[in-house]
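Only one structure is covered here, and it is reproduced in the block below.
Remember, predicted model here, so these are calculated numbers, not experimental data. In what follows, chains are A, B, ... by sequence order, proteins preceding strands, each numbered from 1.
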Protein chains: 2
Amino acid sequence: MVKNTGSTPRREESLSRDKIIEASIALLDSSGESGLTFRALAERLATGPGAIYWHVANKSDLLTAACDAIVARTLDAPATQTTPKGIIRALALAMFDAIDAHPWIGSALTRAPGELPTVRILERLGQQVRAIGVREDAQWATVSALLSYILGVSAQNAANAHIGRERGVDRSAFLGQVSTMWLQLDPDEYPFTRSVAGHLVMHDDRVDFVEGIDLILGGIA
Amino acid sequence: MVKNTGSTPRREESLSRDKIIEASIALLDSSGESGLTFRALAERLATGPGAIYWHVANKSDLLTAACDAIVARTLDAPATQTTPKGIIRALALAMFDAIDAHPWIGSALTRAPGELPTVRILERLGQQVRAIGVREDAQWATVSALLSYILGVSAQNAANAHIGRERGVDRSAFLGQVSTMWLQLDPDEYPFTRSVAGHLVMHDDRVDFVEGIDLILGGIA
DNA sequence: ACCTGAACACCGTTCAAGT
DNA sequence: ACCTGAACACCGTTCAAGT
């Protein structure tokens with residue numbers, strides 16, 4: 001049995017980067033993006049706001065770290081698909097569901113370009129695009145289109161959830177509000193928007209999302 | 001000549017929603033998203049912060065209004081293309097350039113889903129997708145894919161510009177930093193990301209962007 | 001009807017001081 | 001090495017009071 005070599009025995013409840021990130025995720029999940037506050041976090045961790053800065057550079061660092069923890073977990077799920085396109089589809093859906101469960105990662109993802117969370121997704125997509133057999137010089141464009149699309153949907157879903165929370169209604173009720181807003185637009189100026197307003201309330205986001213992925217995948221072949 | 005019918009002659013410099021929005025755009029263009037402050041705005045307009053609230057509901061309202069002003073101007077440019085796909089391409093490029101000139105609209109766009117600025121783009125895209133001859137029940141999926149992709153790229157470009165500004169470097173210098181970061185990743189875990197790191201510095205964002213649009217348009221036919 | 005500006009209730013971040 | 005908590009320099013928003 002290893003004895004504690006230091007003089008001051010470490011408490012089990014001592015602060016750590018991981019513990020701060022876990023607490024941040026809990027806070028973000030329960031109270032949204034505006035719920036993540038150094039003061040609220042400090043209270044939850046039974047410490048002062050300054051203590052957190054010992055383990056974390058700043059708020060943006062904290063947010064991307066929390067985001068990365070979720071993304072890493074999400075991508076770690078074992079692949080049940082076997083074809084490259086199937087894996088891409090599954091991967092995209094896994095991200096969609098993760099953002100549905102943690103809307104705040106949608107905005108966190110887009111706010112930290114080139115950072116670890118985005119790179120994780122980029123890499124996974126890239127490996128499958130290679131497996132499809134896309135020519136070397138076209139790989140970047142393909143992967144970056146997929147990534148932009150996924151991030152675009154993510155950000156919009158996050159925004160939907162955010163505004164829904166603000167108005168105290170759930171996601172589908174919010175879409176209902178948007179739909180009635182669209183129906184009040186000028187018929188001459190906004191014919192298309194009015195024509196899809198009805199579809200907006202009934203549609204399944206998840207299905208539409210994969211259709212978009214398939215559209216891009218279809219453009220490859 | 002029409003006489004002023006009211007008793008108090010209106011000053012020419014009196015506050016108005018439009019004047020507030022113009023001042024906001026100037027502030028956002030010169031100092032970024034964090035530069036838009038009710039206090040800074042009040043100073044620029046030679047008034048108090050409270051006065052602004054008479055013409056504008058809150059900061060989010062102000063930001064979407066400023067965003068909408070830019071989007072409306074951008075989409076008002078006369079179409080030089082004649083084919084539906086050509087118009088879509090031109091429209092997407094116009095948005096790309098607008099976001100390049102005013103990076104803050106990237107995040108403003110995604111933060112106000114279903115609002116006027118997004119609907120303007122949606123409508124334009126929708127009309128052209130109809131013109132292509134996409135079946136009624138597939139129109140929504142197509143348009144929403146295009147929109148999500150455009151918004152996704154927008155948000156990322158905005159984020160790139162934002163971080164670049166924070167670090168005091170320009171856009172391409174920032175991409176250079178990301179590129180060297182990617183080259184330091186583990187070769188076994190991140191082969192694809194490393195292989196495209198070089199491409200990241202040399203590529204033309206604008207060209208890549210249209211390639212993505214074409215990929216989606218290709219998936220339609 | 002429209003504007004003023006002080007006041008309220010917050011923020012992220014820093015830093016001397018403690019252990 | 002790590003933590004504390006007061007203090008700094010801000011925010012968005014409100015609202016009594018003015019014209």
Side-chain angles (χ1 to χ4, degrees), chain A residues 4-24 27-28 31-67 104 107-108 111-112 162-163 165-167, chain B residues 4-24 27-28 31-67 104 107-108 111-112 162-163 165-167:
Chain A
N4 197 333
T5 51
S7 49
T8 50
R10 286 270 155 82
R11 298 167 169 228
E12 283 173 289
E13 315 103 37
S14 84
L15 226 46
S16 73
R17 192 167 218 265
D18 278 350
K19 232 168 248 168
I20 291 171
I21 291 170
E22 283 315 310
S24 300
L27 221 41
L28 286 160
S31 343
E33 232 182 306
S34 65
L36 181 61
T37 283
F38 277 81
R39 276 167 250 262
L41 199 53
E43 194 184 8
R44 200 185 190 95
L45 294 163
T47 161
I52 297 163
Y53 280 88
W54 188 263
H55 305 273
V56 145
N58 50 40
K59 190 169 180 177
S60 151
D61 174 32
L62 182 56
L63 200 60
T64 35
C67 177
W104 52 271
S107 40
R111 224 168 298 166
H162 179 251
I163 300 185
R165 178 196 289 276
E166 255 181 4
R167 302 193 191 163
Chain B
N4 196 331
T5 52
S7 50
T8 50
R10 286 269 155 79
R11 296 168 171 231
E12 284 173 290
E13 316 104 35
S14 84
L15 225 49
S16 72
R17 189 167 221 265
D18 278 350
K19 232 166 250 167
I20 292 171
I21 291 170
E22 283 317 309
S24 300
L27 221 42
L28 286 160
S31 341
E33 232 183 306
S34 64
L36 181 61
T37 281
F38 277 82
R39 275 167 250 261
L41 199 53
E43 195 185 8
R44 200 185 190 95
L45 294 164
T47 163
I52 297 162
Y53 279 88
W54 187 264
H55 303 275
V56 145
N58 49 43
K59 189 169 182 177
S60 152
D61 176 32
L62 182 56
L63 199 62
T64 35
C67 177
W104 51 272
S107 41
R111 223 168 298 167
H162 179 250
I163 300 185
R165 177 196 289 276
E166 254 180 6
R167 302 194 192 161

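Within 6.0 Å of atom CD in A:E22, more than 12 heavy atoms from other residues, nucleotides or ligands are found, so the atom counts as buried in its surroundings. Annotation for B:E166: atom CD counts as buried by contact number, over 12 foreign heavy atoms lying within 6.0 Å.
Distance, B:L27 CG to D:dG12 P: 11 Å, rounded to whole Å. Going from atom CD of B:E33 over to atom C1' of D:dG12 covers 15 Å, rounded to whole Å. A:I20 has its CD1 atom 13 Å from the P atom of C:dT13, to the nearest Å. Summarising the geometry, the separation between NZ on B:K59 and C1' on C:dC11 is reported as 12 Å, rounded to the nearest angstrom. Rounded to whole angstrom, the span from the CG atom of A:D61 across to the P atom of C:dG12 amounts to 14 Å. At whole-Å resolution of the value, CG in A:L41 and P in D:dC3 are 13 Å apart. The interatomic distance linking B:F38 (CZ) with C:dG5 (C1') rounds to 15 Å, in whole Å. Rounding to whole angstrom units, CD of residue B:E43 and P of C:dT4 are separated by 14 Å.
Heavy atoms only, all atoms of each residue included: A:K19 and A:S14 are closest at NZ-O, 3.2 Å. Residues A:L28 and A:E33 share a closest heavy-atom pair of CD2-CA, 3.8 Å. Counting all heavy atoms, side chain and backbone alike, B:A51 lies closest to B:H55 at O-CD2, 3.7 Å. Contact detail for B:L27 and B:G35: the closest heavy-atom pair is CG-O, 3.5 Å.
Between A:K59 and A:L41 there is no side-chain heavy-atom pair separated by less than 4.5 Å.
Taking every side-chain heavy atom of B:N58 into account, D:dT13 is the closest of C:dT13, D:dT13, D:dG12. Distances were taken from every side-chain heavy atom of A:Y53 (C-beta onward) to each of D:dC3, C:dT14, C:dA1; the shortest belongs to C:dT14. The side chain of A:S14 sits closest to D:dC3 out of D:dC3, D:dA6, C:dC3. Closest to the side chain of B:T37, out of D:dG12, C:dC3, D:dC2, is D:dG12.
Nearest-nucleotide positions on DNA chain C for A:R39 and B:A46 put B:A46 closer to the 5' end.
If you check every strand for non-hydrogen atoms under 4.0 Å, A:L36 touches sugar and phosphate atoms only.
When base pairs are accepted only as Watson-Crick or G-U wobble with both N-N or N-O distances under 3.5 Å, DNA chain D takes part in stems of 3 or more pairs at C:4-8 with D:12-16, C:12-16 with D:4-8.
Regarding contacts with the backbone of D:dC3, a side-chain N or O of A:H55 is found under 4.0 angstrom from either OP1 or OP2. Proximity of B:W54 to the phosphate of C:dC3: no side-chain N or O atom is located under 4.0 Å from OP1 or OP2.
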